[in-house]
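Scope of the values below: all heavy atoms of this structure, side chains included, with no hydrogens, waters or symmetry mates.
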Amino acid sequence: MRDPSASLNSDARERLARTRDALKEANDRLEQARAWYDGVRQRQRGGEVTEAESTQAALLKMAQTIGGLVASVDTLTRQWRDQDEKASLGRRDLHQKIDAFVGDLRRLEGLIEKAITDIAIMKPIVNGVAEARQQMAGAAKAGRWIYWVATGGGGAAVLWVASHFVTVGWK
């Protein structure tokens, strides 16, 4: 597991240092093997090579090949491990983001349910206010009609009373 306090650069430097050390050790071994192999070749040219030395030279060549393969496998294994760690971190981050998103959705769902409840409570009040406005408009129209009828009818009644009960004469 990766230390969260370590930065990416220090992690890369650490891997580079390990790789450098492994390559240095492999190169040192190869140099020793080459020196031995060159000695064997020198003796072979001179006719002094024994069967054991010839077998040893062949084994050295195989060891060089196997050493190169081992180094390649180690490098690939390290790369796969690093990639797997990065993928695990990426998956963890993705899961955290999804969990946070789900939490936000749940909070939003609660707010929407509360708003729906508030609206349901307010709907009868709003309908009552609309009915009261219509009643007020109707009452205002009726009041105007009553006023004009009463005013016009009242003036006619005063004239009738005046004509029947009051006699006006010329002097």
For Trp80, what are the other residues in its hydrophobic cluster, where any two members join if their side-chain heavy atoms are less than 4.5 angstrom apart? Leu76

Running the 4.5 Å side-chain criterion over Ile, Leu, Val, Met, Phe, Trp and Tyr, what cluster does Met62 land in, apart from itself? Leu59

Determine which pairs satisfy salt bridge (Lys or Arg N to Asp or Glu O under 4.0 Å) with at least one residue from residues 117-143, sequence neighbours left out, and list them in order. Lys114-Asp118

Residues 17-35, side-chain donor-acceptor partners within the protein, below 3.5 Å, at least two apart:
| residue | atom | partner | partner atom | Å |
| --- | --- | --- | --- | --- |
| Thr19 | OG1 | Arg15 | O | 2.9 |
| Thr19 | OG1 | Arg78 | NH1 | 3.4 |
| Glu25 | OE2 | Arg29 | NH2 | 2.8 |
| Asn27 | ND2 | Leu23 | O | 3.4 |
| Glu31 | OE2 | Arg34 | NH1 | 3.2 |

Scan residues 59-76 for pairs that pass side-chain hydrogen bond (donor to acceptor under 3.5 Å, both in side chains), counting only residues two or more places apart or in two chains. none

Output a table of donor-acceptor pairs, distance under 3.5 Å, between side-chain atoms of residues 100-113 and any protein atom two or more places apart or on a different chain; print 'none' if there are none.
| residue | atom | partner | partner atom | Å |
| --- | --- | --- | --- | --- |
| Asp104 | OD1 | Arg107 | NH2 | 2.1 |

Is any side-chain heavy atom of Leu89 less than 4.5 Å from a side-chain heavy atom of Arg92? yes

Under the side-chain hydrogen bond (donor to acceptor under 3.5 Å, both in side chains) rule, collect the residues that match up with Arg91, sequence neighbours excluded. Ser88

If we only count heavy atoms from C-beta on, is the Arg81 to Asp84 side-chain gap below 4.5 Å? no

In Å, rounded to the nearest 0.5 Å, how long is the span from OG1 of Thr117 to CD1 of Ile121? 6.5 Å

